[in-house]
Each structure stands twice: as C-alpha cells, then as structure tokens.
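Contents: one structure, followed by commentary.
Hydrogens, waters and symmetry mates are skipped; everything else that's a heavy atom, side chains included, is used.
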Amino acid sequence: MAPARLRPNPDTSGAAGGGGAAPAQWFAAVPGAAAGSVAMQQGGGSVARSQAFRLPGRHGYAVEFSPYLAGRVACATSQHYGIAGCGTLAVLEQNETGIGLLRSFDWSDGLFDVTWSENNEHVLVTSSGDGSLQIWDTANPTGPLQVYKEHTQEAYSVDWSQTRGEHLVVSGSWDQTAKLWDPAVGKSLCTFKGHEGVIYSTIWSPHIPGCFASASGDQTLRVWDVKTPGVKVVIPAHQAEILSCDWCKYDENLLVTGAVDCSLKGWDLRNVRHPVFNLFGHTYAVRRVKFSPFHSTLLASCSYDFTVRFWDFSKPNPLLEIVEHHTEFTCGLDLSLHNRGQVADCAWDETVKIYTPLCLTVPV
C-alpha cells in the first residue's frame, strides 16, 4: 500500500465520505461552510444527452477524450480519494447503448492525470503519487510499456505536446519541478526549476512548439520554452494556490487559470499586468479549466463545489450554464475534439459522465 499523502492539499480534503478535514482556505469563499459539506441546489444544469459509467472503489482525478477515436475516453483514478492505496487507468468506449470498459490498468499508487499520445492511438501516459510516469498501450494489456521515475514527490500532471513534429511529454510535480520527456528515451531531457510551491498543472501550447505553461501553489502561472534554460514569463495570477491552467485554442497569447479563490482569470501574454477577464461563481476551489476546441471565447470549469460551469467571457453575463450531476468533488474535465459540444467529467463519486450541456446544443 502506498504511503498516505502527508501534505494538506485540495485532493486529500474531506469530501462526503472522504478522508480528513480539508484546510480551511479551500472553503474560504463560503462563510461558515464546514469542510466537506456543500449546500447543493438540486435539479440544476439539465443536459441534452448524458451517459454515466461507474468505477467502484475508484475516485476520478482526470479524464481525457482520445484525439483519434470519437467516444473513447481515458480516466485516471485513485483508491481512497488519492490519500492511500493504488490507482487505475480506465479506458472507456461510448456507443449507442451506453459506456463500456475497453481496458483497465492498475498501478501501485494513485493516478492523478492522464494524456493520450499524439502519434499512436493506443498509447497513453499517466502520472502517479509515487512520482513516476507510466506509458500504457491499450493493445498490450499486460502492463506499462515503460515507467519513468525521477520526480521525488507526487507527479500531479502530465501532457503530450500537440504541435506537429514534436513527440514530447511534460510532467509537473509536488517536488516543485517540471520535467521534459521524449517517450523514446528512458530518462528526462530537462528539468525546469523556479516554482516555489507544488506544481498542479502543466499544459503545452497548441500553437508554439516547445512552449508550455505551469500552474502552482506558489500562486503563479509560468510560461517556459524548452529551448531556453530559465522561465520565460512569471505571472502572479491569483492570491491563492492555482490548481489548473489551459491555453486558448484560437489565440496563442491567451491562457486561463483556475484557483482556490474560486475564480477563473484570463491572461494575455503581451500584457500580464491585469487579467483580461475574471469569472466568478464557483463556491469552492476551481479544480480544472478547459478552453473549447470549437469556440474562441467559450470555456468550462469544474470545482470542489461539485459543479461544472460553462462560460463565454465575451458576453456581459458570461456564465452560460451550471451542471450539477455529481455528489463529490469534480476533478476531471475535457471537451471532445470529435463531437461538437460533448463533454466528459469525473468525480470522487466513482463516476465518469459523458454528456452535452444544453448551452452547447445551440450556437454560442
């Protein structure tokens, strides 16, 4: 059994039925709220089409659609809310009758993130609580093809580069470093240091080769270039830990961050003094943010308030819809590249859901 996570952090906090009590700062936006208790509005956020798949005894941390096959989704999960125990990578397949399990892979520690290969439809990479990365092949169910173990603490994020001609992976860790990997090489190519807190998110730019962003508990968003040794841009983006970041698919200079202060903020790299938008509404920490692959101003976020929210930052009233269909912290979120408007999410309630929110069934 893996050792318990010792650091107080958002994902060892006490959801209903979960582990110990959450640090008070995670709930600061709701005066008087007790850790792990959320006042939910029932019946909110209807969806046009929805399917669910349950993973008994596994709590979802990350979900990602395949870039190759419509309806194929990977979910990284952990036992015991990621505090202790093992992890499972579930590869799911959606069809007309529902969602089925195509393949599952177990690892000896919790799995916190997953990314699909951009050059092989069968290959995925996960990151885990023991600091390692695992490469899996759905056509080879016996175990990981390779394991990379260099991070000295939890590997919390992993992402495969989307720019043409690159086959690079970036990982982020609670050891405060990001590492660059070529899956064909057995060790990291480079280690990026500079953050003064744990790294929660590392995301490649979809536009600029060799460029990635990282979000950290040190309250900064940083942009890096693999061709240069130091950090390229440092943005003090929030006055709270930043749990997630993402790049706009239509503007190479625009990123979004989501943080423990319950807000999302947009950042233009040409002028980082002030955010270009602020989005408020979540009542607990924002766990993951994702820009739409089809709309330049639309994005989604999920939170420890159990909700997924859809936004259009170009509108005077940017909140488009609230989907409330989980009963625990909602941690994983992705938008399909194949089926316009389709969304996948996962939560600590042991379920993965694939659905189309009403706001994405009509032109935005």
Evaluate Tyr355 against His325 for ring-ring contact (aromatic ring centres under 6.0 Å, His included), listing each step before the verdict.
CA-CA 11 Å; Tyr355 59 99; His325 59 189; 4.6 Å; yes

Is it true that [Y] and [X] share a donor-acceptor pair across their side chains at a distance under 3.5 Å?
X	Y	result
Thr257	His238	yes
Gln134	Ser128	yes
Thr88	Arg58	yes
Ser303	Thr307	no
Asp182	His167	no
Ser171	His151	yes
Ser301	Trp311	yes
Asp159	Thr202	no

Out of curiosity, does [Y] fall in the hydrophobic cluster containing [X] (side-chain heavy atoms, cut-off under 4.5 Å, transitive links)?
X	Y	result
Tyr284	Tyr81	yes
Trp160	Phe65	no
Leu69	Val73	no

With a 6.0 Å cut-off (strictly less than), is the heavy-atom count around NZ of Lys227, excluding the residue itself, greater than 12?
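Enclosed.
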
Where the side chain of [X] meets the backbone of [Y], is there a donor-acceptor pair that is under 3.5 Å apart?
X	Y	value
Asp137	Val123	no
Ser205	Ile208	yes
Glu321	Leu358	yes

Lys/Arg N to Asp/Glu carboxylate O, [X] vs [Y], below 4.0 Å:
X	Y	result
Lys179	Glu150	yes
Arg222	Asp218	yes
Lys149	Asp130	no

Enter the distance from Leu243:CG to Ser157:OG here, rounded to the nearest 0.5 Å.
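Separation between the atoms: 11.5 Å.
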
Just verifying a value: how many Å separate Cys346 SG and Phe53 CZ, rounded to the nearest 0.5 Å?
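That separation rounds to 13.0 Å.
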
Side chains of Thr126 and Leu133 in contact at under 4.5 Å (non-hydrogen atoms)
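No, too far: nothing below the 4.5 Å cut-off.
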
Full working for side-chain hydrogen bond (donor to acceptor under 3.5 Å, both in side chains) between Gln94 and Gln51:
CA-CA 8 Å; Gln94 184 188 35; Gln51 294 177 325; 2.6 Å; yes

Test Leu92 against Val352 for side-chain contact (heavy atoms from CB on, under 4.5 Å), laying out the working first.
CA-CA 9 Å; Leu92 307 175; Val352 177; 4.0 Å; yes

Does the ring centre of [Y] sit less than 6.0 Å away from the ring centre of [X]?
X	Y	result
Phe192	Phe212	yes
His326	Phe306	no
Phe291	Trp247	no

Run the side-chain hydrogen bond (donor to acceptor under 3.5 Å, both in side chains) test on Thr138 and His122 for me, step by step, so that the C-alpha distance in whole Å, both residues' side-chain angles and the decisive distance to 0.1 Å come before the verdict.
CA-CA 5 Å; Thr138 60; His122 302 292; 3.2 Å; yes

What residues, two or more places apart in sequence or in another chain, satisfy ring pair (Phe, Tyr, Trp, His ring centres under 6.0 Å) together with Trp267?
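Checked Trp267 against ring pair (Phe, Tyr, Trp, His ring centres under 6.0 Å); zero matches.
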
